[in-house]
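Keep in mind the model is a prediction, meaning the values are calculated, not measured. We use all heavy atoms of the structure for the numbers below, so side chains are in, but hydrogens, waters and symmetry mates are not. Chain letters run A, B, ... following the sequence lines, proteins first, then strands; residues in each count from 1.
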2 protein chains.
Amino acid sequence: MPRAGLDPASVTEAAAALADEIGISQLSMSVVAERLGVKAPSLYKHVDGLADLSHRIAVLAATELGDELRDAMQGRAGRDALAAAAQTVRDYVKQHPGRYAATFVARPADAEGTLTLALDRTLASFAAVLRGYGLEPSDEIHALRMLRSVLHGFGTLEASDGFQMAADVEASFAWVVEFLDRGLRASSL
Amino acid sequence: MPRAGLDPASVTEAAAALADEIGISQLSMSVVAERLGVKAPSLYKHVDGLADLSHRIAVLAATELGDELRDAMQGRAGRDALAAAAQTVRDYVKQHPGRYAATFVARPADAEGTLTLALDRTLASFAAVLRGYGLEPSDEIHALRMLRSVLHGFGTLEASDGFQMAADVEASFAWVVEFLDRGLRASSL
DNA sequence: GCTTTAAGCTATTCAGATTAGCCAAGGAGA
DNA sequence: TCTCCTTGGCTAATCTGAATAGCTTAAAGC
């Protein structure tokens, strides 16, 4: 029996890919093992079980999203930065629904705070977007929470097929970004 | 063995209460049965299994939220209606996190559309809020989706403990409502 | 009281997570 | 190259929870 050359990272990556395909709730040690050409118990040599695997997927997703956000915002400010950040989140959720879902399903299992740490990087990008609007310092935390809420809400609703008439979700998204930009500009000092 | 006097509604109600306590993901036929003083297989006389139970909880939640929204909006319009609707959703998610979570977890199992139908009632209330702002008809669908996104996002983030510094979430919520009101008024014809 | 329906039970099967313990692959050093 | 030791994969087994089958009797209608 030749070795498969697995390690925690490759197992997590395979599991994340599977989660995107079949949904995080359908993820099992068995399917991951099958995908990797290995038997389920073998996975326990690399990860600490399903809960740990799910947590690792969440951290991976938060890290990836954080990276993409940072990249997308290079050299942009104001409305441009807002649009780029929003589009990045939306695209990520659409392309990686399973991974993204893991980030809020695995929250309880984040005792060491690894996930929180990874998520903070996305928060930093959102904060950078807002900085461009020159809000009152006391308003920033509120605006940050609003931005998170809108993007998280829009992304998850779209991903879970929550919108009827899927047709012009694009238009709605653009409208929302526009709405936020106007409001934030009006709120600036 | 005296009968327990169960029926689909009472089983669903007990399961929903349990889901609020332990989380929808921890819900099992066994715990529901135990809570009702019955053995797990007995539940199959009333509901069609865990997936069906979960779906029933979702419909229950959507119906309850729809009722509360309708009540909360009696005689209100404009900013008042917006604030009331937002507060109602937020309170519902906080008080019934398990039930609320069921509404988007059970979406795939909604072949007959019962859940969609129940959710449409909450959408109708949101639409009523917006009607008070006299938006361009073509903007209404976009504004509706934004409103859903914000309320859904804010509620789920708060429920999953997603906000750090839990302290002034109240203030943030008020700020967001204010932001939406201003923006919507500016968008009105 | 008699019949019929339906609710609850026990026994069983099945799937999936997890653990224990075996055994070989493959790298490190003589 | 040969040997040792760590490590990864395997099989076997346990355990929990979902779901089905079939038995038995409560209680509703007559």
Side-chain angles (χ1 to χ4, degrees), chain A residues 1-59 98-99 101-102 105-111, chain B residues 1-59 98 101-102 105-112:
Chain A
M1 47 184 125
R3 301 225 168 159
L6 304 178
D7 57 41
S10 55
V11 171
T12 303
E13 182 54 52
L18 254 165
D20 290 336
E21 294 168 27
I22 65 180
I24 187 75
S25 63
Q26 294 303 304
L27 198 71
S28 71
M29 296 301 271
S30 323
V31 277
V32 176
E34 188 178 10
R35 167 69 59 102
L36 290 166
V38 144
K39 303 292 180 176
S42 307
L43 297 178
Y44 289 80
K45 288 289 162 76
H46 305 290
V47 298
D48 261 354
L50 194 56
D52 176 51
L53 183 55
S54 191
H55 184 260
R56 284 168 188 271
I57 294 173
V59 173
R99 290 153 143 88
V105 167
R107 198 85 43 97
D110 189 44
Chain B
M1 46 184 128
R3 302 225 168 158
L6 303 178
D7 58 42
S10 56
V11 171
T12 304
E13 182 54 53
L18 254 165
D20 290 336
E21 293 168 28
I22 64 180
I24 186 77
S25 63
Q26 295 303 305
L27 198 71
S28 72
M29 296 300 272
S30 322
V31 278
V32 176
E34 188 178 10
R35 168 68 61 101
L36 290 167
V38 147
K39 303 292 180 176
S42 307
L43 297 178
Y44 289 80
K45 289 288 162 76
H46 305 291
V47 298
D48 261 352
L50 195 55
D52 175 51
L53 184 54
S54 192
H55 184 259
R56 284 168 189 272
I57 294 173
V59 174
V105 166
R107 199 84 45 96
D110 190 44
E112 334 79 30

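- At whole-Å resolution of the value, CG in B:Asp7 and C1' in D:dA28 are 16 Å apart.
- Taking the side chain as every heavy atom from C-beta outward, A:Leu27 and A:Ile57 approach each other to under 4.5 Å.
- Taking 4.0 angstrom as the limit, A:His46 places a side-chain polar atom (N or O) nearer than this to OP1 or OP2 of D:dG9.
- The pair B:Arg35-B:Glu21 meets the salt-bridge criterion, since a charged nitrogen lies less than 4.0 angstrom from a carboxylate oxygen.
- Using modelled atom types, one side-chain atom of A:Asp20 and one backbone atom of A:Arg99 make a donor-acceptor pair closer than 3.5 Å.
- For the pair B:Leu36 CG and C:dC9 C1', the computed distance is 16 Å after rounding to whole Å.
- In the set D:dT7, C:dG21, C:dA7, the nucleotide with an atom closest to the side chain of A:Arg3 is D:dT7.
- For the pair A:Ser42 and D:dG8, the criterion of a side-chain N or O lying under 4.0 Å from OP1 or OP2 is not met.
- At distances below 3.5 Å, not a single donor-acceptor pair connects side-chain atoms of A:Asp52 with backbone N or O atoms of A:Val47.
- The backbone N or O of A:Pro8 lies less than 3.5 Å from a partner atom in the side chain of A:Thr12, making a donor-acceptor pair.
- A donor and an acceptor atom sit less than 3.5 Å apart, one in the side chain of A:Lys45 and one in the base of D:dG9.
- Heavy atoms of other residues, nucleotides or ligands lying less than 6.0 angstrom from CG of B:Asp48 number 12 at most.
- The distance from atom NZ of B:Lys39 to atom P of D:dG22 is 22 Å, rounded to the nearest whole Å.
- The nearest whole Å value for the distance from the CG atom in B:Leu6 to the P atom in D:dA26 is 17 Å.
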Close N or O pairs between protein and nucleotides 13-19 of chain C (under 3.5 Å):
| from | atom 1 | to | atom 2 | distance (Å) |
| --- | --- | --- | --- | --- |
| C:dA17 | OP1 | A:Met29 | N | 3.0 |
| C:dA17 | OP2 | A:Met29 | N | 3.2 |
| C:dA17 | OP2 | A:Ser30 | N | 3.3 |
| C:dA17 | OP2 | A:Ser30 | OG | 3.0 |
| C:dT18 | OP2 | A:Tyr44 | OH | 2.8 |
| C:dT18 | OP2 | A:Leu50 | N | 2.8 |
| C:dT18 | O5' | A:Tyr44 | OH | 3.3 |

